[in-house]
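Please read all numbers here as calculations on a predicted model, not as lab measurements. Order of the sequence lines fixes the chain letters, A, B, ..., with proteins taken first and strands second; residue numbering starts at 1 for each chain.
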Protein chains: 2
Amino acid sequence: MVAKEATGRAKPGRAPAPPGRRGRPRQAEVARLAGVSQATVSLVLSGRDLATGRPISAETRGKVLDAARSLGYVPDPAASRLAAARNNLLGVFSFTATFPTDVRHSYYPFLVGVEQEAAAQGYDLVLFTGSSSGGAGASGAGALNRVRLADGCLFLGRHAPADELRRLVADDFPVVHVGRPDDAEGLAWVGADYVSASREVVTTLAGLGHRRVVLVREDDEAPASTDRERGFLDGLSASGLPAGPDAVFRSGDLRRDLTADRVSAWLAEGVTAFVAEETDTGTAWRALRAAVDAAGLDCPGRVSLALLGSPPADLADEPAPMGFDIPRPTLGAEAVRLLAARVAGEPARGTLVACAFRPGTTAAPPAGP
Amino acid sequence: MVAKEATGRAKPGRAPAPPGRRGRPRQAEVARLAGVSQATVSLVLSGRDLATGRPISAETRGKVLDAARSLGYVPDPAASRLAAARNNLLGVFSFTATFPTDVRHSYYPFLVGVEQEAAAQGYDLVLFTGSSSGGAGASGAGALNRVRLADGCLFLGRHAPADELRRLVADDFPVVHVGRPDDAEGLAWVGADYVSASREVVTTLAGLGHRRVVLVREDDEAPASTDRERGFLDGLSASGLPAGPDAVFRSGDLRRDLTADRVSAWLAEGVTAFVAEETDTGTAWRALRAAVDAAGLDCPGRVSLALLGSPPADLADEPAPMGFDIPRPTLGAEAVRLLAARVAGEPARGTLVACAFRPGTTAAPPAGP
DNA sequence: CGGTCGCGTTAATGCGCATTACCTAATGCG
DNA sequence: CGCATTAGGTAATGCGCATTAACGCGACCG
């Protein structure tokens with residue numbers, strides 16, 4: 001029967017019992033007590049017998065269950081996961097440092113959705129911090145490799161090192177980027193639908209009676225900016241309003257260029273509403289408000305204002321501007337759903353999540369002439 | 001050399017490559033690439049060669065390290081742990097559901113500290129989702145077991161299933177509870193020092209000239225409540241003020257019992273300041289404010305008020321009450337520090353974290369007679 | 001110049017569980 | 001009654017890593 005005592009070697013490999021494992025009973029002990037084999041214990045306890053048409057007699061089941069209960073058996077997750085070749089872990093990698101307050105405002109609401117959906121899908125979360133030299137890997141090159149310990153990973157933040165990310169994607173490691181990337185080559189992503197949301201803001205203004213609206217934006221080319229502009233222009237067209245180049249005011253230094261005089265001039269030309277893009281610093285919105293205030297204009301009595309996004313945290317007390325909010329929890333949940341699909345083998349794709357329109361109190365029908 | 005093809009059996013046990021592991025390189029592959037054995041790879045990567053006086057030549061080290069880097073190797077946490085080692089993962093298990101807004105306010109600030117300190121100590125975090133049917137285990141019995149995958153785990157929330165937690169502790173699994181538990185039997189914990197903070201509030205009031213102060217509290221026996229009362233009474237004694245039983249007003253229904261008349265009566269007796277305990281709902285503070293308002297008393301002109309904690313989120317706009325804030329990030333960081341120590345083998349202990357005194361605008365010297 | 005170290009490396013082994021090939025007995029079927 | 005099934009269970013195997021006895025090979029000693 002047994003026949004391999006060929007080598008008379010001793011037995012190496014015996015490791016000292018690690019903490020947390022001490023007197024814990026194993027399946028083998030349950031098996032001995034129940035008078036069956038370890039394999040049977042595994043089958044019964046995992047319920048795999050019923051599922052896979054591999055019936056175990058009720059009597060045996062009972063004996064095993066009793067034995068397990070009386071010994072207080074609990075499965076070792078490490079062993080389970082090792083044997084099952086999957087660890088039920090989803091990574092969340094954030095490039096932005098954790099400290100800045102402005103990030104926390106977007107990161108944690110997002111995390112709420114991630115957490116909820118991950119739990120629903122049966123995954124636990126591993127948080128990788130881009131800053132600091134966390135975990136095994138340093139922060140330099142190869143830092144992203146840490147995430148391979150999970151079954152898949154979410155990436156947040158604009159400053160993702162493209163090459164390293166590409167490497168992961170090339171290795172077929174399931175990855176989902178949060179925020180539409182510049183170059184979505186084979187990369188799965190979820191993003192907010194700025195185009196539709198911006199369009200809705202504009203059509204709503206048009207519905208209030210505004211015939212000339214101006215968009216105020218910074219001078220960059222981020223997808224987030226161009227999407228908003230596109231939505232803005234779409235909205236104008238859809239409302240039958242002129243969507244020419246003078247409907248957009250673009251400047252690299254809004255604080256300097258967006259003056260009270262400029263605003264007054266627009267009013268004289270028939271402009272009755274202004275729309276600011278959202279940026280992480282809220283520059284456009286601040287400049288717009290400042291200029292309108294300086295011009296002594298009442299809002300929404302004299303001019304209507306809207307913000308294509310949420311106001312910066314420090315302006316949370318002021319009256320809510322018309323605009324839209326990014327449903328961060330939803331975004332997080334959608335990201336997890338997509339990632340789970342990737343892990344399950346589905347191909348990469350991009351997904352847009354609708355934003356929530358916010359009526360606010362800064363818009364009203366235009367004043368009479 | 002080889003000699004055990006004795007049994008002509010086929011090879012069972014081969015699991016089909018499941019999703020989620022795909023191209024993840026293993027030590028064996030690194031070994032092949034480097035032209036050494038898997039054991040050598042393990043020795044080099046774990047740095048165990050230097051530590052245990054088992055030197056590996058610099059040349060071999062280099063080859064292994066290069067191979068590992070180029071393959072993007074990361075150890076499998078489950079395998080590491082199974083083989084009696086660490087995986088540089090710390091768990092965070094929260095019992096309270098994550099959704100309720102009131103929880104987010106305390107959970108995420110705490111997480112900020114945890115994250116930062118974990119990164120500093122070289123750990124990554126695993127978020128075990130307590131709510132919902134998370135991870136491998138259901139939410140029922142044995143749900144806590146998932147945490148054994150990590151090297152240790154933080155537990156948040158009051159509703160920790162004592163028996164399961166006890167089991168982990170009994171198995172010598174490193175655990176740190178956040179919040180002083182009712183029964184700290186062998187359990188490591190971190191908590192806020194309500195006693196000292198409450199005392200400071202009282203002595204500050206006394207320093208302003210108040211000679212009679214009343215504490216308003218609900219009728220329960222949570223450590224958080226009794227600690228505050230103790231600190232309150234300590235503060236009175238330390239200031240040479242009467243700390244008799246009539247210095248504490250205790251009621252199961254403050255909204256009903258704490259009336260304007262009652263407050264007026266206290267004033268007539270010479271009371272010039274009131275202190276409310278903090279609860280999750282802010283009941284005591286709300287009731288106190290309502291009564292003072294109803295009595296038409298100016299604060300801090302006529303009476304001084306203080307809150308032994310932070311005001312509830314919905315009252316964040318109102319003037320800040322004198323009191324103290326729980327330094328949640330610090331608490332989180334301290335929890336991680338303690339957990340890391342436990343993982344390293346140090347014995348369990350409890351730790352108190354000092355709260356930050358908040359002057360606020362609701363306290364002033366007592367009005368003249 | 002044979003024997004011994006010392007050093008570097010490898011082969012073998014097990015952690016606890018899941019999986020599956022195979023085995024035995026009881027039963028069905030023509 | 002002989003053979004094919006089915007039911008019920010077991011033995012063997014491997015997941016990926018850490019550990020350690022043993023091995024090979026020069027250097028060094030006597």
Side-chain angles (χ1 to χ4, degrees), chain A residues 1-2 4 6-18 21 24-31 34-49 51-61 63-64 73-87 149, chain B residues 1-2 4 6-18 21 24-31 34-49 52-61 63-64 73-87 136 148:
Chain A
M1 202 179 198
V2 184
K4 58 170 171 178
T7 76
R9 300 279 196 75
K11 316 179 176 182
R14 191 47 159 282
R21 279 269 200 62
R24 232 134 70 66
R26 17 198 143 236
Q27 287 189 347
E29 275 140 59
V30 175
V36 298
S37 72
Q38 174 265 323
T40 302
V41 174
S42 175
L43 284 175
V44 170
L45 293 184
S46 67
R48 203 61 103 265
D49 57 330
T52 63
R54 208 179 176 107
I56 297 278
S57 72
E59 185 191 342
T60 303
R61 286 186 70 79
K63 280 192 300 186
V64 170
Y73 169 81
V74 278
D76 182 329
S80 304
R81 288 173 173 184
L82 181 59
R86 57 152 25 191
N87 46 39
L149 131 186
Chain B
M1 201 180 195
V2 184
K4 59 169 168 178
T7 76
R9 300 278 196 79
K11 314 179 177 181
R14 187 49 158 284
R21 272 290 182 61
R24 216 137 90 56
R26 319 130 205 261
Q27 286 189 347
E29 277 142 59
V30 175
V36 299
S37 73
Q38 175 264 324
T40 302
V41 173
S42 176
L43 285 175
V44 170
L45 293 185
S46 67
R48 206 61 105 264
D49 56 329
T52 63
R54 205 125 230 256
I56 298 276
S57 72
E59 186 191 342
T60 302
R61 288 185 69 79
K63 281 193 298 185
V64 170
Y73 169 82
V74 263
D76 182 321
S80 299
R81 201 142 172 77
L82 185 59
R86 306 238 182 101
N87 54 203
R148 291 183 194 261

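The line from OG of S57(B) to NZ of K63(B) is 7.5 Å long, rounded to the nearest 0.5 Å. With rounding to the nearest 0.5 Å, the separation of OG1 in T40(B) from CZ in R61(B) is 11.5 Å. Between Q27(A) atom CD and Q38(A) atom CD the span is 5.0 Å, to the nearest 0.5 Å.
Closest approach to the I56(A) side chain among dG9(D), dT10(C), dC17(C) is made by dG9(D) (side chain taken as heavy atoms from C-beta onward). In this structure, of dG16(D), dC17(D), dC17(C), it is dC17(D) that holds the atom nearest to the side chain of P75(B). With distances taken from any side-chain atom of Q27(B) to the nucleotides dT19(D), dC15(D), dC17(D), the minimum falls on dC17(D). Considering only the side chain of D76(B), dC17(D) comes nearest among dT10(C), dG9(D), dC17(D). Proximity note for A83(B) (side chain, C-beta onward) versus dA18(C), dC15(C), dA11(C): the nearest is dC15(C). Of the candidate nucleotides dA18(C), dG16(D), dT19(D), dA18(C) has the atom lying nearest to any side-chain atom of S80(A). Side-chain atoms of R26(A) lie closest to dG16(C) of the nucleotides dA18(C), dC17(D), dG16(C). Listed candidates were dC17(C), dT10(D), dT19(D). Nearest to the side chain of A39(A) is dT10(D).
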Problem - Full working for side chain to side chain contact (heavy atoms under 4.5 Å, CB included) between L45(B) and Y73(B) - result: CA-CA 10 Å; L45(B) 293 185; Y73(B) 169 82; 3.5 Å; yes
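The phosphate of dT9(C) has OP1 or OP2 within less than 4.0 Å of a side-chain N or O from S57(B). Of the side-chain N and O atoms in T40(B), one or more sit less than 4.0 angstrom from OP1 or OP2 of dT10(C). In this structure, Q38(B) does not reach the dT19(D) phosphate: none of its side-chain N or O atoms is under 4.0 Å from OP1 or OP2.
Per the geometry, CZ belonging to R81(B) stands 17 Å off C1' belonging to dG14(C), to the nearest Å. With rounding to whole Å, L43(B) atom CG is found 11 Å from dC17(D) atom C1'. The separation between E59(A) atom CD and dA26(C) atom C1' is 16 Å, rounded to whole Å. Rounded to an integer number of Å, the gap from L45(A) CG to dG16(C) P is 16 Å. Protein atom CG of L82(A) is 13 Å distant from nucleotide atom C1' of dT19(C), rounded to whole Å. Going from atom CD of E29(A) over to atom P of dC15(C) covers 11 Å, rounded to whole Å.
Nearest heavy-atom pair across A78(A) and A78(B) is O-CB, 3.5 Å. For the pair V30(A) and V64(A), the tightest heavy-atom approach, listed with the atom from each and the gap, is CG1-O, 3.9 Å.
Summary for the helix from dC1(C)-dG30(D) to dG30(C)-dC1(D): the axes at its two ends, each from 5 pairs, differ by 60° when rounded to the nearest 10 degrees.
At distances below 3.5 Å, not a single donor-acceptor pair connects side-chain atoms of R26(A) with backbone N or O atoms of D76(A). R24(A) places a side-chain N or O within donor-acceptor distance of the main-chain N or O of V74(A), the cut-off being under 3.5 Å.
At a threshold of 4.0 angstrom between heavy atoms, the contacts of S46(B) with the nucleic acid are absent.
Residues V41(B) and A79(B) both approach DNA chain C. Their nearest nucleotides, taken by heavy-atom distance, put V41(B) toward the 5′ side.
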